[in-house]
Amino acid sequence: MTSNGTPFQRLALLASDTPRAQEAHYALLNQGEWVPVSQADAVVVLGGDGFMLQTLHAMIDSGRVIPAYGMNLGTVGFLMNRYDKRAAIAARVAKARRWSISPLRVEAITQDGESHEFCAINELSLLRETRQTAKIEVTVGDRVRINELVCDGVLVATPAGSTAYNLSANGPILPLDSKMLALTPISPFRPRRWRGAILPDRMKIILKVLDPSKRPVAAVADQKELRDIAEVRLQIAQDIALTLLFDPGQSLEERIVAEQFVTG
């Protein structure tokens, strides 16, 4: 099997634990000789966007990243292809087009001084833990840009994640090849008129929680949550390239463009 001229001799098959995904998994088992992810050239992922993110994170953690072809058996399926049980999966993967994305690399320091490192494919969000608004100092590059952002939270989104939580928070949609990040406040109170920023992805961002004992803040990276944050430091992980496979005419880039013309 090939994709843009690159052979995929061995495919793995993964499915979320939802009934629809498990039914599809059973239907596809007899379409070929599947191998474990550790031995595969590419992986077919059955489920929704959440399960795709879970699969990509597992590959990053393992140190072995292979192309992923998703079929939507979830809700939105922004990172997935249409599921069709009648289509030959090998032929679809062979014709698929590649899109490469890089995650955010995050270093989070908690109030007790512990340091945690992880990646965020869609976005990194800081969110208040109590009724008290969060107060956050925002540094971009080597300069403090906002001394005190008073808000429910703030997030940094990649282009791939710009149509997710970022869009719901009125952040900008970023073209996939823009090499930009969206820095978006969540319900900002002060500065009241600040609506966020679009930043070059080569820049490092530091978000420091002010008065963290009184105004505790949690960090959420895709599906990972860490509470009682003192500071996060983040920038694009240029050394990690995640490859998503899409049917012709259904690329992630086209979906990002189409999302900007949704009127209903």
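Since the structure is predicted, the reported quantities are computational estimates derived from the model, not experimental observations. In what follows, residues are counted from 1 in the order of the sequence shown.
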Trainee: Going through the distances and angles, do Leu127 and Val217 end up as a side chain to side chain contact (heavy atoms under 4.5 Å, CB included)?
Mentor: CA-CA 5 Å; Leu127 305 168; Val217 168; 5.8 Å; no
Trainee: Honestly curious: do Val106 and Leu56 fall in one hydrophobic cluster under the side-chain, below-4.5 Å linking rule?
Mentor: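 They do not share one cluster, since no chain of ILVMFWY contacts under 4.5 Å joins Val106 to Leu56.
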Trainee: Supply the atom-to-atom distance Lys208 NZ to Ile109 CD1, rounded to the nearest 0.5 angstrom.
Mentor: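 Lys208 atom NZ to Ile109 atom CD1 measures 10.0 Å (nearest 0.5 Å).
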Trainee: Are side-chain heavy atoms of Arg195 and Pro188 found at a separation under 4.5 Å?
Mentor: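 The answer is yes, as the side chains (C-beta and beyond) meet within the 4.5 Å cut-off.
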Trainee: Flag yes if more than 12 heavy atoms outside Arg64 fall under 6.0 Å of its CZ atom; otherwise flag no.
Mentor: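 Atom CZ in Arg64 is crowded, with more than 12 foreign heavy atoms closer than 6.0 Å.
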Trainee: Identify the heavy atoms of Tyr69 and Met52 that sit nearest to each other, and give their distance.
Mentor: C-CE, 4.3 Å
Trainee: In sequence, state the C-alpha distance, the side-chain angles, and the governing distance for Ile66 and Asp41, and then conclude on side chain to side chain contact (heavy atoms under 4.5 Å, CB included).
Mentor: CA-CA 6 Å; Ile66 59 176; Asp41 302 312; over 6 Å; no
Trainee: Closest approach of Arg92 and Asp84, non-hydrogen atoms and distance?
Mentor: NH1-N, 3.6 Å
Trainee: Carefully, step by step, assess Phe246 and Leu244 under the rule side chain to side chain contact (heavy atoms under 4.5 Å, CB included).
Mentor: CA-CA 7 Å; Phe246 290 97; Leu244 297 176; 3.6 Å; yes
Trainee: Going by heavy atoms in the side chains, are Val154 and Thr184 under 4.5 Å from each other?
Mentor: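 They are not in contact (no side-chain heavy atoms under 4.5 Å apart), so the answer is no.
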Trainee: Examine Leu181 and Leu155 and state if one hydrophobic cluster contains both, with Ile, Leu, Val, Met, Phe, Trp and Tyr joined whenever side-chain heavy atoms are less than 4.5 Å apart.
Mentor: no
Trainee: By side-chain contact (heavy atoms from CB on, under 4.5 Å), which residues pair with Arg143, not counting sequence neighbours?
Mentor: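 Arg143: side-chain contact (heavy atoms from CB on, under 4.5 Å) contacts with Arg145.
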Trainee: Any sub-3.5 Å donor-acceptor pair from Asp222's side-chain atoms to Ile121's backbone N or O?
Mentor: yes
Trainee: When you group the ILVMFWY residues by side-chain heavy-atom contacts below 4.5 Å and let the links chain together, are Val156 and Trp194 in the same group?
Mentor: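 Trp194 and Val156: one cluster.
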Trainee: If two hydrophobic side chains count as joined below 4.5 Å and joins carry through other members, does Ile205 share a cluster with Leu210?
Mentor: no
Trainee: Counting C-beta onward and ignoring hydrogens, is there a side-chain heavy-atom pair between Trp99 and Thr243 closer than 4.5 Å?
Mentor: no
Trainee: Indicate yes or no: at least one non-hydrogen side-chain atom of Leu29 is less than 4.5 angstrom from one of Trp34.
Mentor: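 Yes, their side chains come closer than 4.5 Å.
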Trainee: Do Leu46 and Leu28 touch side chain to side chain, with heavy atoms closer than 4.5 Å?
Mentor: yes
Trainee: Hey, what do you get for CD1 (Ile186) to OG1 (Thr133), rounding to the nearest 0.5 Å?
Mentor: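 If we round to the nearest 0.5 Å, Ile186:CD1 and Thr133:OG1 are 13.0 Å apart.
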Trainee: So do the side chains of Val43 and Leu13 get within less than 4.5 Å of each other, counting heavy atoms only?
Mentor: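 Sidechains of Leu13 and Val43: no contact.
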Trainee: List for me each residue that meets side-chain contact (heavy atoms from CB on, under 4.5 Å) alongside Pro216, sequence neighbours excluded, and say none if there are none.
Mentor: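 With sequence neighbours excluded, Pro216 shows a side-chain contact (heavy atoms from CB on, under 4.5 Å) to Gln111, Glu129, Thr130, Asp228, given in chain and number order.
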Trainee: Out of curiosity, Asp201 CG to Lys204 NZ, how far, rounded to the nearest 0.5 Å?
Mentor: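 Going from the CG atom of Asp201 to the NZ atom of Lys204 covers 15.0 Å.
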Trainee: So Cys151 and Ile136, do their side chains get closer than 4.5 Å, heavy atoms only?
Mentor: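 Touching, per the 4.5 Å side-chain cut-off.
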Trainee: Restricting to non-hydrogen atoms, name the atom on Ala221 and the atom on Ala120 that form the minimum distance, rounded to 0.1 Å.
Mentor: CB-CB, 3.8 Å
Trainee: Can we say Asp211 and Lys135 salt-bridge, meaning some charged N sits less than 4.0 Å from an Asp/Glu carboxylate O?
Mentor: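 Between Lys135 and Asp211 there is no salt bridge, as every charged N stays at least 4.0 Å from the carboxylate O atoms.
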Trainee: Please name the pair of heavy atoms, one in Gln22 and one in Ser16, separated by the smallest distance, quoted to 0.1 Å.
Mentor: NE2-O, 2.7 Å
Trainee: For residues Ala182 and Asn166, report the shortest heavy-atom separation together with the two atoms involved.
Mentor: CB-OD1, 3.7 Å
Trainee: First locate atom CZ of Phe189, then atom CG of Leu149, and finally report the distance between them rounded to the nearest 0.5 Å.
Mentor: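 Interatomic distance, Phe189 CZ to Leu149 CG, rounded to 0.5 Å: 12.0 Å.
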Trainee: Compare every heavy atom of Pro172 with every heavy atom of Ser162, then report the nearest pair and how far apart it is.
Mentor: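 For Ser162 and Pro172, the tightest heavy-atom pair comes out as CB-O, 3.6 Å.
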Trainee: I'd like to know if Glu231 pairs up with Arg233 as an ion pair, taking the criterion as any Lys NZ or Arg NE/NH1/NH2 lying under 4.0 Å from an Asp or Glu carboxylate oxygen.
Mentor: yes
Trainee: First locate atom NZ of Lys214, then atom CD of Gln132, and finally report the distance between them rounded to the nearest 0.5 Å.
Mentor: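 Nearest 0.5 Å value for the NZ-CD distance: 5.0 Å.
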Trainee: Shared ILVMFWY cluster between Leu176 and Leu104, side chains joined below 4.5 angstrom?
Mentor: no
Trainee: Apart from Leu174 itself, what residues make up its hydrophobic cluster, given side-chain heavy atom links below 4.5 Å?
Mentor: Met180, Ile198
Trainee: Quick check against the 3.5 Å criterion: does Asp49 have a side-chain atom that pairs as donor or acceptor with the backbone of Leu79?
Mentor: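 Side chain of Asp49 to backbone of Leu79: a pair is present.
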Trainee: Hey, mind stepping through Asn81 and Asn72 against side chain to side chain contact (heavy atoms under 4.5 Å, CB included) and telling me if it holds?
Mentor: CA-CA 6 Å; Asn81 297 282; Asn72 185 31; over 6 Å; no
Trainee: Which value, rounded to the nearest 0.5 Å, describes the distance between Arg105 atom CZ and Ile60 atom CD1?
Mentor: 9.0 Å
Trainee: Less than 4.5 Å apart, any side-chain heavy atom of Thr110 and any of Leu226?
Mentor: yes
Trainee: Are more than 12 heavy atoms from other residues, nucleotides or ligands located less than 6.0 Å from atom CD of Glu23?
Mentor: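 Open: at most 12 neighbouring heavy atoms sit under 6.0 Å from CD of Glu23.
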